[in-house]
Asker: 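Once you've had a glance at the structure underneath, I'll fire off some questions.
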Amino acid sequence: MAGDSTYRAGCEHLVVQVDDDSAARRIVSDLLTDAGCSVRSFSSGKEVIEYLHGHGKADCILLDVRLPDVDGLSLFQLLRNDYPGIPVILMTGFGNVDQAVSAMTQGAYYYFTKPVDLLLLRRTVCELLEKIRLQRQIFEMTKARANFGLIGQSNAIRETIRRVKLVADLQTTVLITGETGTGKELVARAIHEGGRRCGQPFIAFNCAAIPDTLLESELFGYEKGAFTGAGHSKPGKFELADRGTLFLDEIGDLPSALQAKLLRVLEDREVERLGGVHMKKVDVRFLAATHHSPSDLLTGDRFRQDLYYRLASFEIRLPPLRERVDDLPLLVFHFLGELNRTCRRTVQVVNPAVMDFFTNYPWPGNIRELRNMLETAVICCPGREMQLEHLPGPARSAAVCNRADLPALSQLEREAVTRALEQAKGNRTVAARLLGISRNQVRYRIKKYGLAEDSEESGSGVHTS
Ligand SMILES: Nc1ncnc2c1ncn2[C@@H]1O[C@H](COP(=O)(O)OP(=O)(O)OP(=O)(O)O)[C@@H](O)[C@H]1O
Ligand SMILES: [Mg+2]
């Protein structure tokens, strides 16, 4: 039931079905049209091949393996070879399960044995089409690196991308703010790559990761003998970033003595190594980032105001993931594609309960945490569907706690069955048709939710045969 309300395909998607049984064709076609898909039906292998060879469109093919003119499995092989980008779902009679399983290993997306569980069929097709839609969006986004690998469609990420494009080709210093894991470094790289310094060095320097005593020599470099242990001379980060970009990460952690020195470099664009005697001109574009908000940074005297205003000539604030949950499906499928490759898994579908959990989870570690959680889940998921049980332990416990706050799936199911029975004036066979499930399944739910006396009633099921 959950799938019914959660998944709805967009009618821009075209499902092609091939089945010689006209009644089964009509049931499946009505079911999928009702779910928001466009459906094109063919009754033989020859017809569908002619259609595809004539450049007919298909986002997915539902193929009955028992066809009058060709063996469905040979047709499947032909489709895999000639149209590898179109996923194929097989429908098979009970005796052909072995063949269907072997077809799965050859790349079929799914197979159903007849009589087909219509609810599951509808859910599977809608999930597949949603996945195709997300993959197309991700492709568009990464095409020609138009958005520098920044995935998302929310207003917040669009605004970020707009500001990155505005400033990338200038020499302006940019301060990037946002909680941990929101993509500050990714945005810094995007600014570098989107501007004319692309191809020149991009040096990232984390001011919080280096002991205070070493910060100055790392940034400015030193000459041989400048201090005990300086056995050779070494250029600093300013020099290494010459002609390129220096990204000063966690700038809020720079000690105050160095803040004054940095301000001078920003003003004069000159540096002198420790123990050196010459000032050297450097041509560097500066980007900085902090997880502190500007008001936190400027509270007390921890951070110099003049340096702040010099760095924040232009500011890009990255919103936390919980404020842009619209981006979750895209991010999840983007990372799934990457993780399936690196972890050698084939996770195709994310169970709605997992997406519900993702939508309600506060994501303190933001996109980094999402990626890490997905990595664990992908590793733990042996099949095609990611379930709550595949998430890391702490997240799983949070999901169980959170579920108390969500409308329970069973509640949605109960409402759907009640409404269908009302519309069908109590006729379970009609209600079953409306819901796209079997009459027995309706009977089971009536009993489960105590909706009516469990009396017998005649009528045929809606399974295809
Ligand atoms: N919009 C996005 N699209 C795709 N991947 C993203 C996006 N934003 C962040 N990421 C990914 O999330 C991870 C964390 O991003 P990044 O290191 O840039 O965050 P950060 O804000 O610098 O974190 P921290 O403050 O902890 O250093 C990286 O793997 C990055 O590629
Ligand atoms: Mg970072």
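In listed order, ligands and their atoms are each counted from 1. Along the sequence shown, residues carry numbers from 1.
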Asker: Looking at D326 and R324, is any side-chain nitrogen of the basic one under 4.0 Å from a carboxylate oxygen of the acidic one?
Answerer: no
Asker: Using atom types as modelled and distance alone, determine if a side-chain donor or acceptor of D283 lies under 3.5 Å from a backbone N or O of R243.
Answerer: no
Asker: Can you sort out which atoms of ligand 1 are near I367, meaning under 4.0 Å from one of its heavy atoms?
Answerer: 6 (C), 7 (C), 8 (N), 9 (C), 10 (N), 11 (C), 12 (O)
Asker: Under 4.0 Å from any heavy atom of F335, which atoms of ligand 1 are there?
Answerer: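 So the atoms of ligand 1 that pass are 5 (N).
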Asker: Output yes when the distance from some N or O of ligand 1 to some N or O of R368 is under 3.5 Å, and no in every other case.
Answerer: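 N/O-N/O distance below 3.5 Å exists for this pair.
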Asker: Give the residue, atom name and distance (to 0.1 Å) of the protein heavy atom nearest atom 26 (O) of ligand 1.
Answerer: T180 OG1, 2.5 Å
Asker: Would you confirm whether D327, through its side chain, and S154, through its main-chain N or O, come within 3.5 Å as a donor-acceptor pair?
Answerer: yes
Asker: Which word best sums up how the rings of F220 and F238 line up, parallel for under 30°, tilted for 30 to 60°, or perpendicular for over 60°?
Answerer: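 Judged by the thresholds at 30° and 60°, the geometry between F220 and F238 is perpendicular.
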Asker: Considering only heavy atoms of G149, which atoms of ligand 1 have at least one such atom less than 4.0 Å away?
Answerer: 3 (N), 4 (C)
Asker: Is the count of non-hydrogen atoms from other residues, nucleotides or ligands lying under 6.0 Å from N81 atom CG greater than 12?
Answerer: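 Atom CG in N81 is packed in, count exceeds 12.
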Asker: Any nitrogen or oxygen of K184, main chain or side chain, under 3.5 Å from a nitrogen or oxygen of ligand 1?
Answerer: yes
Asker: Does ligand 1 come near enough to G181 that some N or O of the ligand is less than 3.5 Å from an N or O of the residue?
Answerer: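 In this structure, G181 places an N or O atom under 3.5 Å from an N or O of ligand 1.
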Asker: Would you mind running through ligand 1 and noting each atom that sits below 4.0 Å from a heavy atom of L331?
Answerer: 3 (N), 4 (C)
Asker: Pull out every atom of ligand 1 sitting under 4.0 Å from any heavy atom of E185, numbered as shown with elements.
Answerer: 18 (O), 22 (O)
Asker: For I157 and ligand 1, does the shortest N/O to N/O distance drop below 3.5 Å?
Answerer: no
Asker: Considering only NZ, NE, NH1 and NH2 on the basic side and carboxylate oxygens on the acidic side, decide whether R133 and E130 come within less than 4.0 Å.
Answerer: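 Counted as a salt bridge, because a side-chain N and a carboxylate O are separated by less than 4.0 Å.
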